[in-house]
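Notes to accompany the following structure.
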There are 2 protein chains.
Amino acid sequence: MLSGSAPVSADKRRQVLRAIEELGYRPNAAAQALVTGRRSIVSVLTADTTRYGYAETIRGIEEAARAVGLVVAITVLDTDAEESIEAAVDLALGQPLAGAIVLEFDIRGSRALTILPKSLPVSAVSSGSEGRRVPRALFDDRSGGRDATNYLLGLGHRTVHHVAVPGSGRPSGRTLGWREALEAAGAPVPEPLMSDWTARSGYQAGVSLARRRDVTAVLCGNDEIAFGVIKGLQAEGLRVPEDVSVVGFDDHPLAEMWTPSLTTMGQDFAELGRMAVGFLLGRLGGGAYRAPSSSLKLVVRGSTAPPHP
Amino acid sequence: MLSGSAPVSADKRRQVLRAIEELGYRPNAAAQALVTGRRSIVSVLTADTTRYGYAETIRGIEEAARAVGLVVAITVLDTDAEESIEAAVDLALGQPLAGAIVLEFDIRGSRALTILPKSLPVSAVSSGSEGRRVPRALFDDRSGGRDATNYLLGLGHRTVHHVAVPGSGRPSGRTLGWREALEAAGAPVPEPLMSDWTARSGYQAGVSLARRRDVTAVLCGNDEIAFGVIKGLQAEGLRVPEDVSVVGFDDHPLAEMWTPSLTTMGQDFAELGRMAVGFLLGRLGGGAYRAPSSSLKLVVRGSTAPPHP
DNA sequence: CTGAAAGCGCTTACAG
DNA sequence: CTGAAAGCGCTTACAG
C-alpha cells in the first residue's frame with residue numbers, strides 16, 4: 001500500500017497515513033534497497049573538498065543529484081598512495097551505490113577512476129580525457145590556457161611566464177595550452193615554475209619572478225596562486241599591472257575583490273558537476289563530453305595591461 | 001565465511017578469496033545493512049558547502065568519519081522555507097543512516113535540527129545551543145566577539161563598529177559578544193550593519209562606513225566580509241589600518257595574503273567537525289560541549305593599529 | 001567442523 | 001478487491 005500499488009479505501013488509507021505520521025514510521029531504507037534494487041546514493045571521489053574548483057563542482061553535483069532524489073556521499077582521497085586510494089574506493093563501494101563520480105583534477109582522481117569496478121556506472125569531471133573510457137564532463141583548460149596566453153601576447157608582451165598547478169602525472173591542460181600558444185606565436189618558452197594549489201606557494205613564485213628582470217606577464221594555474229603571485233611581486237616592489245601583468249584561472253569569488261582585481265579564465269565548475277550527474281542518469285557509454293563553451297571564458301579585470309614601454 | 005566467523009581450511013579460504021578477487025565480487029551493501037542492522041552513513045545537513053567555515057567543518061567530519069569506516073552523505077538545505085528543509089531531511093532519511101550531523105550556523109540548520117526524528121542519533125556543530133537538546137560542538141563565537149572587540153578597545157579605539165552575518169533567527173553569538181564588550185567598557189554601541197556572508201556585501205558596508213567620520217575600528221562577522229570592507233574603505237580613500245582598523249572572523253586561508261594582511265579571530269572548524277563525529281559515536285545524551293579553547297584565538301596581523309591621534 | 005535454515009524488513013506478483 | 005506468500009542477498013545461530 002505504501003508504494004501506492006494496491007488500491008485501498010480512502011478511509012483506511014487516511015487512517016494508516018495518520019498512524020505513520022504519529023509514530024514517525026520510516027520504511028527501512030536497507031530493506032527497500034534490497035528488494036527494489038533501486039540505489040539512491042551517488043558516491044563522489046575527490047582529492048579535496050574545500051578549494052574553489054572542487055567545492056563548486058561538488059556543489060553542482062549535489063544540486064543536480066538532490067533534484068532527482070539522489071543523495072551524495074563524499075569520500076576524500078587523502079594521499080597519492082595506491083593503497084589509500086583503494087581503501088577510499090572500498091569504503092565508497094561499501095554502500096548501495098547508484099553510481100560514482102570522480103573529480104579527475106589530479107593524480108588521485110585518475111587513480112581512483114582506474115580501480116572502480118566496470119560494473120558500476122561511473123562518470124567524471126575532468127580536465128583531460130586519458131585512461132579508462134567513461135563519460136567525462138571536460139573543461140577544456142587546454143584551450144583556456146591557450147586563450148589566456150594569446151590575450152597577454154595580444155597586449156604586446158614578448159612572452160608569458162607560467163606558474164603551474166600539479167597535473168595528474170603529466171602537465172595540466174592549462175600548461176599545455178600555454179606552451180602551445182607561445183610556440184604558435186614564436187615566442188620564447190620560459191621554464192614554468194611549479195607550485196601547489198595555494199596562495200602561499202604562489203607568493204614564493206611571485207617573489208622569484210620579481211627578481212628576474214625579463215618578466216612582464218604571468219599566467220597562473222589557478223586564482224589562489226595568482227593572488228599569491230601578485231602579493232609576492234608587490235612585496236618585491238613591482239606594480240601589477242604596470243610592471244607585470246597577472247592572469248589567473250577559475251574566477252574565484254574573491255578575484256574581483258583582489259587589489260588589483262584579477263583577470264582570470266573563468267570556469268563554471270558547478271555546471272560541470274551537474275553534467276556529470278546527467279551522464280550517470282543517462283548511462284552514456286563513455287568518452288569525453290565537452291562542457292558547453294559558455295562555461296569557460298576570460299574575465300578581464302585590473303591585473304593586466306600592455307607592457308611598460 | 002566472509003565475515004570471518006566460520007573457521008575454514010586455509011586452502012579453501014584462499015581459493016574462495018581468489019575467486020572473489022577475480023570476479024570482483026562485492027557483498028550487497030543493502031542486504032548486509034538489513035541483516036546486521038549496522039549503518040555506515042552519516043548524513044550532513046547544511047545550508048552551504050563551499051564557504052570557508054562550512055567547507056572546513058565538512059572536511060573535518062569526513063576525515064573523522066572515514067577513519068572509523070563511515071561514509072559522509074551531504075544534503076544541502078537550499079532555502080529557508082520549511083517545506084524545502086523537510087524535503088531535504090526526508091531525502092537524507094531515505095538512506096540507512098548511522099546518524100546525522102547538522103551544521104547549525106544559520107536558520108536552516110536550526111530548523112533541520114528540530115524536525116529530525118528523536119530516534120536517530122544526531123549531533124551538531126553550532127554557534128549557539130538553543131532548542132533541541134543534542135550534543136553540540138560549540139564554537140564560542142560569543143566570547144570570540146567579545147575578545148576581538150576588547151582587543152580593539154585596548155588599542156585605544158573609542159568604540160568598534162560591526163558588520164554582522166545573518167544569525168539563526170536572532171543575532172549571531174559574535175554580534176552578542178561584540179555588544180557585551182562595548183557595554184562592559186561603557187563604550188557607545190553603534191547600530192550594526194547587516195550583511196550576508198559575501199565579500200561583495202562587505203564592500204557595500206565598507207563604503208558606507210567610510211562616509212561616516214567617526215569610524216576608526218570595525219569588527220566583521222567573517223573574513224570575506226572583512227575583505228570587502230577593507231576594499232570598500234580603500235575605494236573611498238581611507239587607509240587600513242592607519243585610518244580604520246578592521247578585524248575579521250574565521251582565519252580564512254587568504255587572510256594572511258590580503259593587503260593589508262587581516263587580523264582575525266581564528267576558528268578551527270575542522271576540529272569542530274571531528275568533535276561532532278565523536279559525539280555521534282559516543283552516543284552522548286545531549287547538551288552542548290564546548291570546543292577546546294585552543295580552537296578559537298585572535299590572530300593579529302596588519303589590519304589593526306591604534307587610532308590616528 | 002560443515003551445511004542447511006531462519007530471518008532481517010520490505011515489495012510485488014499471485015492466490016483466494 | 002484483499003491477504004498471504006515468495007523472495008531480494010546477506011549473516012548468524014543451529015542442527016547434523
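Below, chain A is the first sequence line, B the second, and so on; all start at residue 1.
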*Does D:dC8 have OP1 or OP2 sitting under 4.0 Å from an N or O in the side chain of A:R39?*
no

*With sequence neighbours left out, write down each residue that passes side-chain contact (heavy atoms from CB on, under 4.5 Å) with B:E83, or none if nothing qualifies.*
B:A81

*In which ranges does DNA chain D form stems of 3 or more consecutive Watson-Crick or G-U pairs, distances under 3.5 Å?*
C:1-3 with D:14-16, C:5-12 with D:5-12, C:14-16 with D:1-3

*Return the minimal non-hydrogen interatomic distance between B:S84 and B:T79, and the atom names on each side.*
OG-OG1, 2.7 Å

_Distance check, P atoms only: C:dG7 and D:dG16, in whole angstrom units._
16 Å

*Looking at residues at least two apart in the chain, or sitting in another chain, which of them share a side-chain contact (heavy atoms from CB on, under 4.5 Å) with A:T49?*
A:T46, A:I58, A:I74, A:V76, B:R59

*OP1 or OP2 of C:dG9 less than 4.0 angstrom from a side-chain nitrogen or oxygen of A:Y25, does that happen here?*
no

*Nucleotide nearest A:N28 when distance is taken to its side chain, options D:dG9, D:dT11, C:dC10*: C:dC10

*Do the side-chain N or O atoms of A:R26 get closer than 4.0 angstrom to the phosphate oxygens (OP1, OP2) of C:dC10?*
no

*Considering residues at least two apart in sequence or located in another chain, which fulfil the side-chain contact (heavy atoms from CB on, under 4.5 Å) criterion with B:L97?*
B:I41, B:S43, B:L93, B:Q95, B:L120

*Candidate nucleotides C:dT11, C:dC8, C:dC10, ranked by approach to the side chain of B:V35 - the nearest*: C:dC8

_Distance test, side-chain N/O of A:Q32 to OP1/OP2 of C:dT11, below 4.0 Å_ = yes

_A:S172: partners by side chain to side chain donor-acceptor pair (under 3.5 Å), with sequence neighbours left out_ = A:T175

_Going by salt bridge (charged side-chain N to carboxylate O under 4.0 Å, His left out), name the residues that satisfy it together with A:D106, two or more places apart in sequence or in a different chain._
none

*Between D:dT11, C:dC8, C:dT12, which nucleotide has the shortest distance from any of its atoms to the side chain of B:L34?*
C:dC8

